[in-house]
Amino acid sequence: MRISKSFIPTMKEAPSDAIIPSHVLMLRTGMVRMLSAGIYSFLPLGYKVVKKITNIINEEMNAIGGQEFLLPALNPREIWESTNRVEAFGDTMFHLKNRDYVLAPTHEEIMTFHARGEMKSYKDMPQIWYQIQTKFRNEARPRSGIIRGRQFLMKDAYSFDSTWEGLDESYAKHYKAYQNIFDRCGIEYFVVGASSGAMGGSKSEEFMVKSEAGEDTVAYCKSCGYAANVEVADSIIEQIARNGESKDVYEISTPNIHSIDELCEFLKIDENETAKSRVYIHAGKPILVLMSGNDEVNETKLQSILGGEIRPAHPEELVEITGAEAGSIGPIGFKHRIIADNRLKNLNNLFSGANKTDFHIGGIDLQRDVENIEYLDMRTIESGEECTRCGETLEVFKAIELGHIFKLGTKYSEAMGATFLNENGQANPIIMGSYGIGVDRVLACFIEQNYDEKGIIWKAPLKPFDIHLLALNMKKEIVENESNEIYDLLLKEGYDVLYDDRRDAQAGFKFNDAELIGIPLQVIIGEKNIQDGLVEIKERKTGEKLLISKEILLDQLKDLVK
RNA sequence: CGGGGCGUAGCGUAGUCCGGUCAGCGCGCCUGCUUUGGGAGCAGGAGGUCGCAGGUUCGAAUCCUGCCGCCCCGACCA
């Protein structure tokens with residue numbers, strides 16, 4: 001493709017709205033443009049890479065027996081009512097104003113609809129059906145460029161089995177296919193066991209990549225592969241020791257001291273000598289949660305301990321309940337249920353709030369001074385703590401969900417009456433799985449993992465072109481003629497070539513565009529070299545250059561283009 | 001939905017507090033000449049309802065009211 005004739009609008013500066021690297025680079029390389037918040041157009045260069053990804057997905061899905069569909073994005077609302085998911089999705093689902101249709105955010109119902117119509121016997125199964133299609137979700141807050149949009153490309157697959165063992169097999173096939181897909185795309189990922197949440201079903205796993213732009217926080221152990229959402233993750237952490245002798249409790253004036261850090265600084269004490277208080281409301285009653293120092297309450301753990309909904313108390317409620325403002329609350333004199341984190345177990349000589357604004361209490365002995373205190377694990381783990389499985393160091397970081405596989409079971413088939421007859425002639429609901437991949441997220445995540453200060457660095461499977469051919473000065477006849485000749489030659493050899501044949505662009509301009517777009521190999525035609533019959537080959541990633549005779553160019557490329 | 005920020009030419013921005021020589025700068029774009037291995041030089045040029053709608057005023061990018069849009073943090077999220 002000749003750049004002079006193509007639409008690849010590169011930019012030296014990115015719009016100030018773009019923050020994360022993939023967003024900046026996709027805009028700067030002319031792969032995408034934003035139409036509205038969370039709604040992007042793919043331009044030719046970007047769409048070319050999208051198709052590379054979807055090709056890989058097609059191959060791997062077909063390899064496990066998947067059959068590709070294309071379902072309508074426009075759905076009658078009624079079918080979503082049948083599984084109660086209009087309510088479940090709430091405002092996240094787009095509704096049309098002038099007809100009773102919704103824009104599909106996923107396709108369990110539609111696939112189940114087709115299965116219900118045709119799959120009447122256990123002999124019809126197993127089946128794996130999938131599609132690659134645009135999905136719509138009315139995200140309250142689109143962000144991070146293409147990573148979280150209101151409209152996005154998704155590969156969604158559905159398995160239909162007559163037995164639970166069959167579902168296990170279909171699920172395992174998808175797990176393997178997903179590994180192949182992400183491996184082939186050149187993405188570094190890990191798998192996190194997840195709760196299936198509102199999707200229903202018994203088991204689900206998420207394929208994640210580490211990224212600052214991520215929306216989940218996960219704990220990951222490099223050495224044994226343990227990975228868990230921080231909401232449910234555990235770690236090994238040093239217990240704090242009880243002092244030999246307990247002091248008496250005493251009140252301290254601590255004007256304007258609100259945080260543990262301020263308290264430690266003010267009293268010249270260690271975090272381990274403090275207990276932080278958080279008040280939650282559970283079933284209409286206040287509960288004091290005591291944490292050691294700056295440890296954070298893990299609300300998911302707390303919620304599963306207590307059962308039912310919890311929420312932090314509002315500032316006004318705090319005063320009502322404890323008599324003090326946030327920052328001065330503590331266990332002494334607190335009249336409701338008190339739960340302390342395991343790390344605080346039986347500690348003494350602690351500092352905590354006095355339940356009197358601007359006062360703290362020292363010398364607290366939880367054994368002696370706090371009646372009916374309960375100890376439970378409520379901590380949010382942190383980077384650097386030890387893995388409970390292998391004892392190595394855990395890392396905690398943000399991650400993006402690229403794929404999610406679910407054992408759905410019979411939730412949808414039961415709700416929609418999709419049944420089949422088994423060997424004994426009995427009607428049973430079809431046993432389903434569902435399996436998603438965010439296709440444009442794969443693209444964004446690849447870029448997040450493969451760029452430098454100059455631009456993107458493509459790897460072979462997703463590269464938009466094989467070779468970037470740069471004619472440095474097209475106004476010189478020899479450069480123009482030789483470059484055109486080499487371009488034709490490369491095309492004839494079957495290479496996909498991006499040819500920078502612009503007459504009015506300076507050499508430096510072309511170099512920078514080439515680094516930005518990031519095609520792995522550049523073939524550079526300069527006036528002096530070509531006069532000597534020489535061309536240059538440059539590797540984008542390393543910057544390594546090779547000056548060779550043009551006669552052996554094709555031979556060299558055979559080794560270099562993968 | 002809560003908090004914060006922003007909206008001036010295709011992109012990046014100055015000016016807004018303190019109303020009037022205030023619509024400016026850089027990049028990009030067009031024309032010509034020069035230059036040509038790391039985002040060129042000179043000369044000339046095009047391009048703006050200052051997000052939209054009201055209002056105050058002799059006069060509004062600037063002050064007031066309402067609305068719209070975008071970004072960031074949070075809440076939410078299969």
Side-chain angles (χ1 to χ4, degrees), chain A residues 9-20 23-24 27-28 30 33-39 83 85 88-93 104-109 135 137-145 147-150 152 154 156 158 194-201 204-206 212-216 229 231 299 311-312 314 400-408 411-412 433-438 454-455 470-480 500 502-516 522 524-531 534-536 538 543 545 547:
Chain A
T10 58
M11 293 190 284
K12 193 172 173 181
E13 295 170 288
S16 55
D17 289 345
I19 308 290
I20 68 163
H23 190 197
V24 169
L27 288 169
R28 288 191 57 206
R33 287 290 183 267
M34 186 177 84
L35 178 64
S36 179
I39 306 179
T83 54
R85 286 221 292 177
F89 272 107
D91 197 45
T92 302
M93 182 180 262
T106 175
H107 277 87
E108 279 77 15
E109 280 77 359
K135 299 282 190 272
R137 293 183 195 181
N138 184 23
E139 296 291 349
R141 186 186 153 210
R143 68 186 95 177
S144 304
I147 288 174
R148 186 172 167 110
R150 296 208 165 112
F152 54 95
M154 179 164 159
D156 47 320
Y158 306 85
S195 70
S196 37
M199 288 293 288
S204 89
E205 281 161 302
E206 293 175 307
E212 268 310 301
E215 320 194 89
D216 295 298
N229 196 303
E231 288 178 359
E299 296 186 0
R311 64 168 175 86
H314 304 139
I400 298 171
E401 178 187 344
L402 272 192
H404 204 156
I405 55 178
F406 292 91
K407 290 187 182 176
L408 287 180
K411 173 175 170 166
Y412 297 92
S434 94
Y435 316 88
I437 292 178
K454 292 174 181 166
L470 289 87
L472 292 190
N473 184 355
M474 283 294 279
K475 287 179 183 164
K476 299 289 180 189
E477 207 172 312
I478 183 169
V479 174
E480 181 181 14
D500 197 339
R502 290 175 292 187
R503 298 188 75 82
D504 50 358
Q506 300 269 123
F509 196 97
K510 293 187 177 187
F511 282 129
N512 283 315
D513 257 3
E515 315 288 5
L516 177 63
Q522 299 167 14
I524 300 161
I525 315 298
E527 187 186 4
K528 290 209 179 73
N529 284 334
I530 200 66
Q531 275 168 351
L534 298 174
V535 299
E536 187 177 300
K538 184 168 143 192
K545 296 173 188 173
L547 195 59

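Naming: A, B, ... by sequence-line order, numbering from 1 per chain. Small disclaimer: the values here were computed from a predicted structure and weren't measured.
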Exercise for the section: Sort out the partner of B:G12 for me: Watson-Crick or G-U wobble, both distances under 3.5 Å, none otherwise. Expected result: B:C25
Exercise for the section: Calculate the interatomic distance between A:Lys454 atom NZ and B:G39 atom P; express it in whole Å. Expected result: 12 Å
Handout entry: Side-chain-base donor-acceptor pair under 3.5 Å for A:Gln506 and B:G37
Key = no
Problem - Any-strand Watson-Crick or G-U partner of B:U31, both distances under 3.5 Å - result: B:A43
Exercise for the section: Under 4.0 Å between any heavy atoms, over every strand shown, what does A:Lys475 touch: base, sugar-phosphate, or nothing? Just pick one. Expected result: base
Practice task
Supply the atom-to-atom distance A:Tyr435 OH to A:Tyr158 OH, rounded to the nearest 0.5 angstrom.
Solution key: 11.5 Å
Exercise for the section: Please state how far atom CG in A:Asp91 lies from atom C1' in B:C1, giving the value in whole angstrom units. Expected result: 10 Å
Problem - Sugar-phosphate only, base, or nothing, as touched by A:Ala18 at under 4.0 Å among non-hydrogen atoms - result: nothing
Completion exercise
note: A:Leu35, atom CG; B:G69, atom P; distance rounded to Å ~ 13 Å
Practice task
Mark yes or no for a side-chain to base donor-acceptor pair under 3.5 Å between A:Glu527 and B:G37, with no hydrogen or angle criteria applied.
Solution key: no
Exercise for the section: Could you check how far CZ of A:Arg148 sits from C1' of B:G74, rounded to whole Å? Expected result: 12 Å
Problem - Identified pairing partner of B:G69, criterion: Watson-Crick or G-U wobble below 3.5 Å - result: B:C6
Handout entry: Nearest-angstrom distance from the residue atom CG of A:Asn512 to C1' of B:U36
Key = 15 Å
Practice task
Provide, to the nearest angstrom, the distance between the CG atom belonging to A:Leu27 and the C1' atom belonging to B:C71.
Solution key: 13 Å
Exercise for the section: Mark yes or no for a side-chain to base donor-acceptor pair under 3.5 Å between A:Arg143 and B:C72, with no hydrogen or angle criteria applied. Expected result: no
Handout entry: Whether A:Phe509 stacks on the six-membered ring of B:G39 base, 5.5 Å and 30° limits
Key = no
Practice task
Have a look at A:Ser16 and say if it touches a base, only the backbone sugar-phosphate, or nothing, with a 4.0 Å heavy-atom cut-off.
Solution key: sugar-phosphate
Practice task
Figure out the CG/P separation between A:Asp17 and B:C73, and round it to whole Å.
Solution key: 13 Å
Exercise for the section: Report which part of the nucleic acid A:Glu536 touches: base, sugar-phosphate, or nothing (heavy-atom distance under 4.0 Å, all strands). Expected result: base
Completion exercise
Between CG of A:Asn473 and P of B:G38 the distance, given in whole Å, is 12 Å
